[in-house]
Amino acid sequence: MAILNQINILMGGEAGQGIIISSLTLAKTFSRGGLYTFVLNEYPKTIRGLHNWCSIRVNANPLTSHTHQIDLVIALNKDTVSLHQEELKTARGLIYDPKDLNPAELLKGYDQLKTYAVPLNRMIKSLKAESQMRNSITIGAALSLVKYDFGILADLLREMFQRKGDAIVQSNIDLAHTGYQHIQEHYPEDFGITIEKQTNAPPLMLLSGNEAAAMGAIRAGVKLLAAYPMTPTSSIIHYLAARQEKYNLVVKHTEDEIAAVNMAIGGNFAGVRSFACTSGGGFALMTEALGLAAQSETPLVLFVGQRPGPSTGQPTHTSQGDLRCLIHASQGEFPRIVIVPGDHADCFYETWQAFNLAERFQVPVLVLSDKYLGESYCCSPRFDTAKMKIDRGKLLPEAETEKLQDYRRYQITADGISPRTIPGQKGGRHIATSYEHDEKGFYADSFCGVTKMADKRAKKLAAIEASLPQPKEFGAKQADITIIAWGSTKGVILEALDLLAAEGIKVNYHQIVYIWPFPAKYVQAVLRSAPQIVTVENNQTAQLAGLIREHTGFEVKHRCLKYDGQPFYPREIHSFIKGITGHD
Amino acid sequence: MAILNQINILMGGEAGQGIIISSLTLAKTFSRGGLYTFVLNEYPKTIRGLHNWCSIRVNANPLTSHTHQIDLVIALNKDTVSLHQEELKTARGLIYDPKDLNPAELLKGYDQLKTYAVPLNRMIKSLKAESQMRNSITIGAALSLVKYDFGILADLLREMFQRKGDAIVQSNIDLAHTGYQHIQEHYPEDFGITIEKQTNAPPLMLLSGNEAAAMGAIRAGVKLLAAYPMTPTSSIIHYLAARQEKYNLVVKHTEDEIAAVNMAIGGNFAGVRSFACTSGGGFALMTEALGLAAQSETPLVLFVGQRPGPSTGQPTHTSQGDLRCLIHASQGEFPRIVIVPGDHADCFYETWQAFNLAERFQVPVLVLSDKYLGESYCCSPRFDTAKMKIDRGKLLPEAETEKLQDYRRYQITADGISPRTIPGQKGGRHIATSYEHDEKGFYADSFCGVTKMADKRAKKLAAIEASLPQPKEFGAKQADITIIAWGSTKGVILEALDLLAAEGIKVNYHQIVYIWPFPAKYVQAVLRSAPQIVTVENNQTAQLAGLIREHTGFEVKHRCLKYDGQPFYPREIHSFIKGITGHD
Amino acid sequence: MISLKEIATGNKPTWCPGCGDYGILNAVKIAIAKAGLNLEKTVLVSGIGCSSKLPQYVNTYAFEGIHGRVLPVATGIKLANNSLTVIGIAGDGDAYGIGTCHFIHGMRRNLDLTNIVHDNQIYGLTTGQTSPTSEKGFATKSTPGGVIEWPVNPIALALASGATFIARGFVLELEHLTNLIVKGIRHKGFALIDIFQPCVTFNYLNTYQYYKQRCYKLEDAPGYNPQDKTAAHHKSQEWGERIPIGVFYQEQKGTYEDELPEIKEKPLAEQSITDVNIDRLLDECY
Amino acid sequence: MISLKEIATGNKPTWCPGCGDYGILNAVKIAIAKAGLNLEKTVLVSGIGCSSKLPQYVNTYAFEGIHGRVLPVATGIKLANNSLTVIGIAGDGDAYGIGTCHFIHGMRRNLDLTNIVHDNQIYGLTTGQTSPTSEKGFATKSTPGGVIEWPVNPIALALASGATFIARGFVLELEHLTNLIVKGIRHKGFALIDIFQPCVTFNYLNTYQYYKQRCYKLEDAPGYNPQDKTAAHHKSQEWGERIPIGVFYQEQKGTYEDELPEIKEKPLAEQSITDVNIDRLLDECY
Ligand SMILES: Cc1ncc(C[n+]2csc(CCOP(=O)(O)OP(=O)(O)O)c2C)c(N)n1
Ligand SMILES: Cc1ncc(C[n+]2csc(CCOP(=O)(O)OP(=O)(O)O)c2C)c(N)n1
Ligand code: SF4
Ligand code: SF4
Ligand SMILES: [Mg+2]
Ligand SMILES: [Mg+2]
């Protein structure tokens, strides 16, 4: 059974062997040929030595997630075979170096599996290359198996290494080509999967969720990122840091997360769009300042990437365990916005949007992503920036501040939002404060004033609720089962929907992007019309289900949960749903 | 209309004038005479200068709260009259110094009010005393008005000042007596309220919620308090610090709250009952370590006193705004216990209990109080310590650890709780860690192991739920209206219940003390049997009502809320309820 | 020179009568006038403490943040708009206790900030607990048996951390103090001004009298040269009968913002963000 | 002497091949043996970082906490049971970055703790960002244009903060390092041991070679006397062509726990809590 234009490749090796870079190179070779790719990497919390793998999925049609079924395994170490026996059971091929392992010994009864011995180590030696460049040979070999255009890879390698000089460029191309040829020569029989360059397809971007988010921030006019590195959002720091000069923005690696968030607040107070990125542990250290932003009504954006907790937990894996924590962090009560992007495009558009919302409502805006979304790579059509307008809300221009008389920073207004000035502006002097205060920012003088000021802030909620986009709907209008979910499960759910639809099971899916303030009315309407509700979450306590019950009274019976540090596979959701329908 | 044995006195002056001490002296003079007293103090966030007042309520029957109706005002500054005109409207008497203020000018049409001019400043001068001792004169004057036994006050002053020498003792007594005599001589007519020493009454303790909590901790065998001062729990630090040597315990004023909580974790890890106390802002800084305690399964008790937020908010006022924040603080998901004492006795017994629970379940236990409960003084019958047994859970004695083979600190057990050893014990060596781990504390090696370990921790929930006491019920068994509430509203609600009962309105009240894990079954049963439900909370967003809905689906329609920084008055709850019943 | 009245907000200070903070408020206002600062281009940043209330009484832009975080907020403001004069106002607990991490790293960062610390050797606002500068043996509510630790030495820490302007003042030496603040503001780089400020309510040891008896001016020390780091280090250790005040150390060194190419032309806050072109970033993804 | 095998847990270290952490692990184990520590009375406390994994491989009691909080946990343990030997294990980011506040106050507190800092001048575990000890101009992922700040000087900070044992080692000088650790453990009071530990994966500047070329031993410096604080201060400033290792400073001073009457007789952990009598406290309320 010959397959055209779809494959899922697993490349595994030791941490530090450049598995991720090589996987991305392979993926980009395909995406440049107009094919959709999705790259997931799983790595241990060590820098080198332990096992590390990526799956590179390729398809002529859009892909939204990784999947479990592997077609080709590229083993750069023995663990790739011994730890992935499950995947190898249904794979077609294995590329390996006989010096590293002996498949006949490790895999008994894997009759479907064709093994492709490539003497990587010997080739490296004979070409006098570094051992890490073994990966390039396997990329060439893989392309050869699927009969893909080698020229695309050669061009890509040329661009990637051009800064390092022609010699390096050539040696990489040579290595890849050695692999390509080796397969052609030693394994002329058809592999059974062919990937063709899509000539009429539009060019495809390949990028990670974190990269998309970082781009969104740059597009939003961010000029200051104050952050302390923490997996899985460090790559946002790295991304912006590398582009500081080009975009005239300052990235400050701070002494700790407390400094980071307070600097971001200082930056925003001074009129510069500023933010911080972190993960749960760092966010914990930022919670005190979250309330400061709220009380002082300073716009603030924090980007948080989830990983499994509690505490250090599993730093390099994925989770959706921090939702309630973000919604309720910091003492006292105040309006905030929590946005949970579901895919790579969401990471871009919603991170961008976060900065507008923070300034419009003068509240903290939290963007909650996770390791799976932030560090997986996915193809997207080019982001459309044409309609992205910067909205700085009630930030007064100097022309207006000059005319201000007796300016009151915390003026009580109909929507709870007060006109804002920034240091340097004439006529706008004021004190912003963490104390409860009167309209001028002076200490609250009466209990009645206190209630008024708390009510003023709370009034923003109505304005926020009225302006936030509603959840998005996918799948059949009329369905037997309705999934409600949030965040990075989106891509996996969409694929599960396809699987189910193919089997005639009608399921639709509501993706909550703006999860706080909770879209109770929308969800209520969904609940009324749906015969069966399922929530899908990468956590243990079904936090979304809890929110639904809190805000609608409805108890979700079917909670599809996974909390081992890995994202769902589409088939897991598929079989959960089938379990409910009794199809299974 | 002569009144016997009940009065409510308001004493006001500038911050720093010793209003609190004097009010407590006055209250103790009554409680030593067998009368119940309740002292509430309200003070600004300044140290001196601004207005500051206490209400001292006295009754021959048990008192559970303050109340709005003031009978006698003692004005040590002009503000006490100008800022308390409302209270003065229904008061009977005003003690003041004509040098400070002129009531005739400030109060027009207050015909019911008798004014008692006492030349405090002149008396102080003639007795060559310090100006702060003016308060003592007014205490004497007040006792004289209600014809109370002066000897009790004299004895009390003697004890209070004995360390400072006879001269100081005598001068204090003389001052008080001057005030006493002045009234007798110049205002011989009957004041209309008489307070009599209760000869057959049992002696009454008078103490604050924080003092009660601190005593509970000492009784629980706490040996280490690591804390950074923060209103309204600093007095817990002060209380324990003053008693370090007597009780062989160490109080460490740390460099910050992060240090405090981590020291407490270190202390508990090493087998010593340790805790930290703080308020919301400090708790925010402790949230990261909360997860550390959870993941490492180190017992931990944190005592948090609420004040109005967000952020610095109103440091010296009261609030119940931090419940959700405590329930969900720290990334990831883990069992914790949140206890919300309702009155002074609860502060004692429940803080004590917290330490047993932390060790039994090896989870973080949070005790959540507030400024009103922590800093108000109330009379209690003597605490009964006879039945308080220390339970250290599965902490192994050395006799057992010696015999351990291949000890596994995180052994998976039926109830999720693993036997624990402490450094120094033979055979119990292990690593406690913030990473997800296997049974030995080593890094988790498989995704399946991760789920098992998360499930092990989650299993404790069932054990916890089964062992926690249920909410307490007060008032009529069959009632038209049922109040559900938590924390410091207890005393006020109990008094409101009495007021309502006196009018024939049947209301009962369920006090939730162990609020997390949420007692869903109990509440569900209450909801089923109650015709009308009311929640009462000192916050803006009705957090308990949210919890009820989340855990039972039931939407509480009647939410009695107050969030101006002041506790409820009994009459406010009384009229809220009457508003519902249509009696109003 | 701008009048002191213009510099005041009109809010009545809520400090205890006699508190040293009144003197610092005075000195700050005079210094602002003397240094010729533009009130609209000046930002006071404070934390929480009696000391941190000062900005409520000064009519500039101001940010009253949370306890211990004066420097990060000030840093964010300065990075956002380096044309502003940014002055931090903190207590000794705020700066040298909970804020120590930012203090040390702020100094080695050498941004052009002025950091004024009200050093009353006590926690005032929380009613009198030990502070990091409380003397060994000093008894307070939190350490009734007396402090066991040795106090932090802010001057020595500043020297060890590379601060480029390090001074100490005493609130009763108003003119001297005012000049220190003016110098600190004018200094290009991080300026620490530690100020002895008696807390008349809770600190029974370090009173006006205590400091008056001990303080002498470094200007009066024969041959003292504030460019000499070793001499400064030596003087930083002096405590007891005689305590030096004045400029311990000053050095001209490049500031942090000098090395940011992004703000060479104009401050971040003045750069337009209406339509940032990210085509190049999108192109990188192919 | 106890065998090194007994001191190992048997867990295989997950550091990069060639990482300096292997050498420190070795030195710590040998030092434990040499110092004759009882493994059951020894607690290693670490934070988060490559360095902080060390306790996973040493068969004592151990607590692997969160990033930057080694000293507070160690302090809690020591206060709870002062009969234990408590050794902190941290990275430079952990100790001198996010943990700076505890570092400074830990030193002036002078509890009897040993604080071992793996100073690789980089953030290893988070894949190579700038650390507080990274040299000025050093380019990393978080500062691709080069670090602007001047690095922290842990030795100078320790001197300014009153640490009573201050040393620096280099992992290739194994015996020297081991002796430093033994001395640190035996020292009554706070002992800081800063250790040069090349990160072979991310620090391209501060390599084995880099340190080998520069490090010399203070023992070999003629007339160097580690009791002389001024000399120590002077040496703390030396960096560049020649970098001193060895004991910079040692002083005998009362420890924190010496001044706690509560533990004069026995550690808190050994005091019974089964029936604490609070009658006296109740009596106070009347
Ligand atoms: C995170 C946090 N912890 C504790 C407090 C309580 N608090 C307010 S001011 C203060 C210390 C005041 O001392 P200092 O900084 O020396 O200022 P001073 O009042 O003496 O001027 C403390 C502990 C707080 N506001 N926030
Ligand atoms: C609160 C918090 N912030 C950030 C992190 C992420 N993190 C883990 S280790 C580390 C720094 C590692 O550097 P260092 O302390 O020098 O140790 P090394 O890995 O170099 O040994 C960071 C930032 C964390 N675990 N916790
Ligand atoms: S408590 Fe001390 S520092 Fe605070 S205002 Fe009063 S005198 Fe000043
Ligand atoms: S990253 Fe550096 S410090 Fe970490 S294990 Fe590898 S070599 Fe060692
Ligand atoms: Mg102070
Ligand atoms: Mg490091």
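Below, chains carry the letters A, B, ... as their sequence lines are ordered, and counting in each starts from 1.
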Who wins among [options] for the most heavy-atom pairs under 4.5 Å with chain A?
options	result
T60(C), L260(C), L71(C)	T60(C)
T274(C), N59(C), L84(C), D275(C)	N59(C)
T9(C), D279(C), V45(C)	D279(C)
I263(C), V58(C), T75(C)	T75(C)
K264(C), E265(C), E284(C), K41(C)	E284(C)

Cation-pi, F275(A) ring and R273(A) (6.0 angstrom, 45 degrees): no
Are the charged groups of [X] and [Y] less than 4.0 angstrom apart, N to O?
X	Y	value
R420(A)	E359(A)	yes
R158(A)	D155(A)	yes
D406(A)	K440(A)	yes
R409(A)	E297(A)	no
D283(C)	R382(A)	yes

Relative to chain C, which of [options] shows the most heavy atom pairs under 4.5 Å?
options	answer
A260(A), A220(A), A270(A), A226(A)	A270(A)
G428(A), G441(A), G427(A)	G428(A)
K223(A), H430(A), E255(A)	E255(A)
K389(A), M388(A), E288(A)	E288(A)
S296(A), A264(A), G221(A), A214(A)	G221(A)
K252(A), K246(A), M215(A)	K252(A)

Calculate, to the nearest 0.5 Å, the distance between atoms [atom1] and [atom2] belonging to [X] and [Y] respectively.
X	Y	atom1	atom2	result
I48(C)	I98(C)	CD1	CD1	11.0 Å
I116(C)	I185(C)	CD1	CD1	6.5 Å
I30(C)	I7(C)	CD1	CD1	9.0 Å

Residue-level contacts of residues 102-115 of chain C with chain A, using a heavy-atom cutoff under 4.5 Å: H102(C), H105(C), R109(C)
CD1 (I21(A)) with more than 12 external heavy atoms under 6.0 Å: no
[X], part contacting chain C, at a heavy-atom distance under 4.5 Å:
X	value
K28(A)	side chain
S274(A)	neither
Q425(A)	both
S31(A)	neither
T298(A)	side chain
I218(A)	both
Y239(A)	side chain
I422(A)	backbone

Working for side-chain hydrogen bond (donor to acceptor under 3.5 Å, both in side chains), residues E257(C) and N82(C): CA-CA 8 Å; E257(C) 57 269 43; N82(C) 55 312; over 6 Å; no
Aromatic ring proximity F383(A)/W352(A), centre distance under 6.0 Å: no
Ring centers of Y256(C), F190(C) separated by less than 6.0 Å: no
Verdict with reasoning, E64(C) to Y443(A), per side-chain hydrogen bond (donor to acceptor under 3.5 Å, both in side chains): CA-CA 11 Å; E64(C) 187 179 33; Y443(A) 303 130; 2.6 Å; yes
Set of salt bridge (charged side-chain N to carboxylate O under 4.0 Å, His left out) partners for E245(A), sequence neighbours left out: none
Region of L268(C) that comes under 4.5 Å of a non-hydrogen atom in chain A: both
Parallel, tilted or perpendicular: ring planes of Y61(C) versus F269(A), cut at 30 and 60 degrees: perpendicular
